[in-house]
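Report on the structure given below.
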Amino acid sequence: MKWRKRRLAVVVLTLALICTGCLETKILEEMGLSVIVGYDPDENGKITGTSLLHQIDPGAKEDVIVVGTTSDTSKGIRNKQNREMSKRVVSGQLRVAVYNEKIARNGIMPLVDTLKRDPSISNTMYLIVSRGKAESIISHEYPEIVNIGSYLYKMIRQNIRGEQIVSCTLHEFLQAYYSEGLDPVLPIARQAGDEIHLESTAIFLDDKMVGELNMEETFLLKMMKGRYRAGSLELVLDADPLKEVVKGLKDSELKLVVENIHSKTNIKLVTPSPPTYRIDIKLEGRIQEISAELNLGQQEILRVIEQGISDRLAARTKMMIDKAKKLKADPIGLGEVYRSAVRGSKLTRERWREIYPDVKVNISVKTKIIRSGVSD
């Protein structure tokens with residue numbers, strides 16, 4: 001009798017699991033899984049939202065569909081999309097949010113706040129700014145790309161891992177936004193025909209885009225914000241110092257590519273009033289390409305190149321900080337260094353905005369070339 005009861009219990013449990021699986025499959029087939037969403041300004045002051053939805057439905061003609069609607073808020077856009085769709089739009093698989101540059105300059109926090117409040121959305125999703133319409137990036141038919149949402153997510157991820165762009169997760173944006181002494185940055189993407197390019201970095205003051213950094217400045221920003229462990233950098237140096245140690249060198253410029261870069265940055269507040277910082281950067285890398293035929297095994301030549309790289313990076317870093325100061329934005333987080341170093345500072349965002357323009361920096365860069373590659 002006990003054996004029969006146990007057998008019946010096993011059968012009932014198995015049937016329950018099978019039915020549950022069938023129910024979940026049916027629910028998934030009734031959903032449109034939003035993978036990427038883009039926001040553009042409407043001529044009437046509203047917001048146009050464009051979503052790419054992934055369909056888990058064997059009977060569907062297409063695996064992905066693009067839907068676009070216009071409303072006053074992102075929540076209104078979602079509700080309107082649901083009223084126009086045969087499948088319920090859900091955001092649990094959302095990977096990328098794209099904000100038109102015009103919207104970014106007016107402030108994106110109302111839209112970001114909706115993402116923050118949705119418990120189904122991962123805070124590791126990426127946020128980016130689009131040069132031109134976000135709708136164009138999402139709705140364009142790319143010959144080699146089936147799902148632009150998944151493609152763009154992987155593209156951003158591999159560029160972050162390759163140290164080419166600053167990490168741009170929802171969590172990191174919110175952390176910078178709510179910090180007293182740090183402002184957010186996001187990558188800027190541009191569609192060029194059938195390709196997508198990450199071409200620069202947007203600087204935000206609170207939640208409004210106020211300027212941008214080119215890719216060299218983005219490299220310097222990443223180096224300032226912590227250790228740099230990979231990636232490459234293309235530089236153009238003044239060749240005149242080399243002419244003192246290389247006879248017959250006629251080039252006025254020396255073009256080179258440094259790869260496998262590793263760096264360590266230390267930012268120290270020297271005096272609190274006016275805020276004066278000492279920034280020490282140690283950098284190691286390998287010369288992969290160089291435009292002149294030089295004997296890089298000769299230490300004297302190598303030392304001149306190392307000093308040239310150091311001088312160039314120090315000067316460009318100073319220019320990048322001055323650029324951010326003019327925008328009144330602090331993408332490096334000098335305010336956070338100040339708050340940590342000055343006891344009882346009770347630093348507020350408003351107070352840091354007042355003293356930030358008076359910030360002074362002394363920058364020291366030490367470069368070491370560990371190996372050499374090829375010459376052109």
Side-chain angles (χ1 to χ4, degrees), residues 155-156 158-167 187-188 190 192 195-201 212-266 279-323 332 361-376:
M155 177 183 176
I156 296 169
Q158 73 91 1
N159 274 280
I160 291 172
R161 290 176 176 176
E163 303 277 12
Q164 296 299 309
I165 62 174
V166 178
S167 187
I188 299 177
R190 177 176 59 87
E195 298 179 349
I196 301 290
H197 300 283
L198 298 172
E199 64 177 18
S200 56
T201 299
E212 60 186 272
L213 302 175
N214 61 34
M215 294 313 293
E216 182 182 357
E217 293 167 330
T218 299
F219 165 83
L220 298 172
L221 175 63
K222 281 189 61 63
M223 193 165 59
M224 292 283 289
K225 290 172 76 71
R227 291 177 180 269
Y228 202 91
R229 299 179 180 87
S232 63
L233 178 66
E234 185 175 348
L235 293 168
V236 179
L237 306 179
D238 182 5
D240 286 344
L242 273 171
K243 292 178 181 179
E244 297 180 7
V245 294
V246 180
K247 294 181 179 180
L249 183 63
K250 298 180 180 180
D251 297 337
S252 60
E253 294 180 336
L254 184 68
K255 300 175 183 177
L256 53 88
V257 176
V258 183
E259 288 194 338
N260 296 330
I261 296 173
H262 288 67
S263 72
K264 182 179 180 181
T265 300
N266 181 52
I279 301 173
D280 293 305
I281 302 171
K282 294 181 179 180
L283 181 145
E284 291 185 354
R286 176 172 65 92
I287 294 180
Q288 176 63 24
E289 294 183 24
I290 191 166
S291 59
E293 291 188 9
L294 300 173
N295 180 10
L296 298 181
Q298 188 176 334
Q299 289 301 307
E300 192 175 7
I301 293 176
L302 202 58
R303 294 293 84 82
V304 172
I305 294 175
E306 289 174 340
Q307 189 60 50
I309 293 173
S310 296
D311 292 344
R312 164 78 181 191
L313 294 182
R316 293 294 294 172
T317 300
K318 178 67 166 55
M319 291 173 63
M320 186 266 291
I321 294 174
D322 289 342
K323 182 178 185 177
I332 297 169
V361 294
N362 297 308
I363 303 169
S364 172
V365 180
K366 293 185 179 179
T367 303
K368 182 179 181 181
I369 301 302
I370 52 178
R371 291 189 304 273
S372 61
V374 299
S375 61
D376 288 341

Could you pull out every donor-acceptor pair under 3.5 Å between side chains of residues 301-322 and any protein atom, sequence neighbours left out?
unit_1, atom_1, unit_2, atom_2, d
R303, NE, E306, OE1, 2.6
R303, NH1, Q299, OE1, 2.4
R303, NH2, E306, OE1, 2.9
R303, NH2, E306, OE2, 2.9
E306, OE2, I369, N, 2.7
Q307, NE2, D311, OD1, 2.8
S310, OG, E306, O, 3.1
S310, OG, V365, O, 3.2
S310, OG, T367, N, 3.1
S310, OG, T367, OG1, 2.8
R312, NE, E216, OE2, 3.3
R312, NH2, E216, OE1, 3.0
R312, NH2, E216, OE2, 3.2
T317, OG1, L313, O, 2.7
K318, NZ, D322, OD1, 3.3
K318, NZ, D322, OD2, 2.9

Sequence neighbours excluded and cut-off under 3.5 Å, please list the side-chain donor-acceptor pairs for residues 240-248, or say none.
unit_1, atom_1, unit_2, atom_2, d
D240, OD1, K243, NZ, 3.4

Taking the side chain from D251 and the backbone from L254, do they hold a donor-acceptor pair closer than 3.5 Å?
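No, the answer is negative, given that no donor and acceptor are paired below the 3.5 Å cut-off.
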
Within the distance-only criterion (no hydrogens, no angle test), does the side chain of H197 pair as donor or acceptor with the backbone N or O of E195 below 3.5 angstrom?
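No; zero donor-acceptor contacts below 3.5 Å.
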
Pairwise distance CD(E163) to NZ(K222) - rounded to 0.5 angstrom:
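Spacing of CD (E163) from NZ (K222) equals 4.0 Å.
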
Got a second to check how far I165's CD1 is from Q158's CD, nearest 0.5 Å?
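Output value for this atom pair is 8.5 Å.
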
Within the structure provided, determine whether [X] and [Y] are in side-chain contact (heavy-atom separation under 4.5 Å).
| X | Y | result |
| --- | --- | --- |
| I281 | M223 | yes |
| L237 | L256 | yes |
| N266 | I279 | no |

Counterpart residues, salt bridge (charged side-chain N to carboxylate O under 4.0 Å, His left out), relative to K368 (two or more places apart)
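Testing K368 for salt bridge (charged side-chain N to carboxylate O under 4.0 Å, His left out), a comparison that skips the adjacent residues, returns none.
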
Using the test salt bridge (charged side-chain N to carboxylate O under 4.0 Å, His left out), find all partners of E259 that sit at least two apart in sequence or belong to another chain.
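R286.
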
Tell me every residue that passes side-chain hydrogen bond (donor to acceptor under 3.5 Å, both in side chains) with [X], counting only those two or more places apart in sequence or in another chain.
| X | value |
| --- | --- |
| E212 | R131, S200 |
| S232 | none |
| K366 | none |
| S263 | none |

Apply side-chain contact (heavy atoms from CB on, under 4.5 Å) to L233 and V257, showing your working.
CA-CA 6 Å; L233 178 66; V257 176; over 6 Å; no

More than 12 heavy atoms of other groups within 6.0 Å of E300 CD
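At most 12 heavy atoms, drawn from other residues, nucleotides or ligands, come within 6.0 Å of this atom.
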
For T201, give me all partners under side-chain contact (heavy atoms from CB on, under 4.5 Å), at least two apart in sequence or on another chain.
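Residues passing side-chain contact (heavy atoms from CB on, under 4.5 Å) with T201: V185, L213, T218.
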
Stepwise, does the side-chain contact (heavy atoms from CB on, under 4.5 Å) test hold for T265 with D280?
CA-CA 6 Å; T265 300; D280 293 305; over 6 Å; no

Heavy-atom pair of closest approach, residues G285 and V258:
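Smallest interatomic distance, heavy atoms only, reads CA-CG1, 3.9 Å.
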
Evaluation steps, salt bridge (Lys or Arg N to Asp or Glu O under 4.0 Å), between K255 and E234:
CA-CA 8 Å; K255 300 175 183 177; E234 185 175 348; over 6 Å; no

